[in-house]
Each structure stands twice: as structure tokens, then as C-alpha cells.
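Quick notes on the structure that follows.
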Amino acid sequence: MGFKMGIVGLPNVGKSTLFNALTKTAAAQAANFPFCTIEPNVGEVGVPDARLDKLAAIAGSKQIIPTRMTFVDIAGLVKGASKGEGLGNQFLANIREVDAIAHVLRCFEDGDVTHVEGRVDPVADAETIETELMLADIESIEKRMQGLVRKVRGGDKEAVQQERLLKEALAVLEDGHPARVVEVAEDDEKAWKMLQLLTTKPVLYVCNVGESEAANGNEHSTKVGEMAAAQGNSHVIISAQIEEEISQLEDDEAVMFLEEMGLDEAGLDRLIRAGYELLHLETYFTVGPKEARAWTIKQGTMAPQAAGVIHGDFEKGFIRAETIAYDDFVANNGEQGSKEAGKMRAEGKSYEVKDGDVLHFLFNN
Ligand SMILES: Nc1nc2c(ncn2[C@@H]2O[C@H](COP(=O)(O)OP(=O)(O)OP(=O)(O)O)[C@@H](O)[C@H]2O)c(=O)[nH]1
Ligand SMILES: [Mg+2]
């Protein structure tokens, strides 16, 4: 299905370093000068899930295939970006295409690494970026409204709906708030999404702290945490530099390294999971001797549409889903045991898939 998270922030704050750590590559050039990144870097990342390993162990699956999420490392934005400053607003278009934003904030002190405004102040940085995104939204709303005038006059229903939503967004933005604070009625949700406003995208703050602060953060990340909480957003603490080093290590070395740093899991795992939650995603599994595999769906997805993630034919010809909840699968040591314990259910078209379900689809060709 391909959910995309955009890595956004000021120049030189560690976005590409983080991207490389996430994708375990050195695909993105990361260097100590602003505007190092111009073209966006795109990479797929496996979503870590301990349940998948457990299922594979029980079923003796030969292969483990995690579900994947896409990260896009986008060029740095600066004050005035919406008016063409810095690398201009072509990068705003890159942000338009993502489902959610990982907003990287510089929380590390290092006199050798240039900050575009010459000081470390992540809360002010967050405001700078948010302001640019808000200004870009205002501009795009004004353009769209002009484009709608004739249709609205002609009574076109869709145009009237769009105009009404644009006006609501504009009022909030002009009041200094991101468009995501608008409460959208269910009937308007689709049209609202089509507006593709930058400040409607869910945001997760990523505090990039110094090496020794990865476990507990620092005064800067604490302030970001307070700001995020006030906005109803989440934040994660990470040291991009350490994560990049860890991503180059073998698994057992990485575990030792994490222990030495006082961390119980790689920050990246936390970040990926937080992104997954932010997008209201959940996972179901297919498990057999050949492979154990995780699949991503939106919360609230019905069984046929969940099947469609594997293959369109599964959705078209859907008959039913044989379903075992994750806990039941584990408690009864696999499919056979679950069946015997009466824990395998046959679910039809109106079944809403639950996070952790182990599914087997039956379908007509
Ligand atoms: N001390 C320290 N330096 C870091 C950390 N993360 C990144 N850096 C350094 O900061 C510089 C910029 O990192 P990049 O990852 O290229 O930054 P970016 O945000 O992608 O920058 P642009 O592409 O120019 O927008 C590099 O020299 C990194 O080594 C960190 O956690 N601690
Ligand atoms: Mg970069």
C-alpha cells in the first residue's frame, strides 16, 4: 500500500543521517553544510515487530517478511521557503506527496556543525518550519479559490464543498494555527484530503540529541516534549549519529552497543513504530511453513479490503477469512492447536480486521 513518511526540517539538522540509519545505507549524502540534500532520497524500511518472529518460530516458517514503510528524505527548508528562499518552494511539493511528517529538530550541541540561524533552539526551529508550511498552505488556498470561482457560481456541488473547506482552513491558518486543528465532518473527509494541505499532515517531532543523551534526552528535547504535548502531537528522542553507527553493525554487536549506551532498543524502532501509530496503521499476519509475513492496513479495514493488500483477486473473489487472534495462536502453539481449541473463526465480508490477526483467505478465482 506504501505509506510514506517525509523527513522534514531546517538544513543541516541530521535528516539525511537519520535517513541513512533508517535504510541501513549510505544512499543519502550527509555532510556538514546546509542544503546538502536537493533531490529527495526515497527508501523502504521494514517495520520491526517482535510478534512476527514469534509466529515464525511457532510455525517453523522458512522466511520472515516484515511489512514495509517508505521514508523520504527531503531538502532542508528555511525561513522564506514559501516565497522561494533557500531552495525555494519546489520542496514543498515533495512534502505534499507524503502521508505524514517526521519533523527533525536539532537538539544536539556541536560547535562544529553549522546551524542556519547560529543557535540551538528546537522550539523556535519548529515554529519557523511550521510557519513556512502554513504560509505555503495560505498561498495554495488562495490560488485554488480563484480557480473555483466560476464553478461555484455555476452551482457545481463539489466546487461548493471545496470552497467551504478551503475557507475553513484559511480562517484557522490566518489565525496562526495549522490546518490540522480543523474538525472535519465524516462526509467531508475525502474532499478535505484531496486539498493536500501541508499542515493537515500528521506530524511527529524527532529530537536529534547528542550521543550521550540518547537514553534520556536533554533540556532541548524536554522543551520539544512540552510543545508537542500542548499541540497533541508526539515526539521521539533519537541520536541520528549513533543510530547511523548502529545500523552499520551486525545484530549481536548492535545489541551490545545498545546496552553500553543504556538503551533497550534502537531509537529507529521507536521512530518507525511511532510513525505507524501516527498514520493509524495496524498489522495482520499470514503464517505458513514457507513464510511468516506482516501486512499493513489502516485501522478499521474490512476483511476483503485487507485481503486486497496481498492481491486484488483476493478482494474481488473474497469468500471468507479464517482468523486466529495473535494471543490465541501463541497460547495454542500454532494453527492446529488453535483449531482444536476452537479459536479459529470463519469471518465474512463485514469482519473488521484486528491488529495482530493471523489470517488465511479463501477466495474464488
Ligand atoms: N554531533 C552531531 N552531529 C550530527 C548529528 N546528526 C547529524 N550530525 C551532523 O550534522 C551534519 C548535517 O547532517 P545531514 O544529515 O547532512 O543534515 P540534513 O538535515 O540532511 O541537511 P540538509 O540536507 O542540508 O538539509 C553532518 O555533518 C552530520 O554528521 C548528531 O546527532 N550529532
Ligand atoms: Mg540532507
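Just so you know, residue 1 is the first one in the sequence shown, and it goes up from there. Numbering of ligands and ligand atoms starts at 1, following listing order. The analysis underlying the following values was restricted to heavy atoms, covering all of them including side chains, and did not include hydrogens, waters or symmetry mates.
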N/O/S from S16 sitting under 2.8 Å away from the Mg ion (ligand 2)
yes
Are T323 and D357 linked by a side-chain donor-acceptor pair shorter than 3.5 Å?
no
Do NZ/NE/NH1/NH2 and the carboxylate oxygens of D121 and K223 come within less than 4.0 Å?
no
For residues I237 and E213, determine if any side-chain heavy atom of one lies less than 4.5 Å from a side-chain heavy atom of the other.
no
Between W192 and T200, is there a side-chain donor-acceptor contact under 3.5 Å, judged purely by atom types and distance?
no
Centroid separation under 6.0 Å, is that true for the rings of F363 and F318?
no
Give the protein residues with at least one non-hydrogen atom closer than 4.0 Å to an atom of ligand 1, ordered by chain and number.
P11, N12, V13, G14, K15, S16, T17, A30, A31, N32, F33, P34, F35, C36, T37, G76, F108, D110, V113, N208, V209, S239, A240, Q241
Any chance CZ of R150 has more than 12 other-residue heavy atoms, nucleotides or ligands included, within less than 6.0 Å?
no
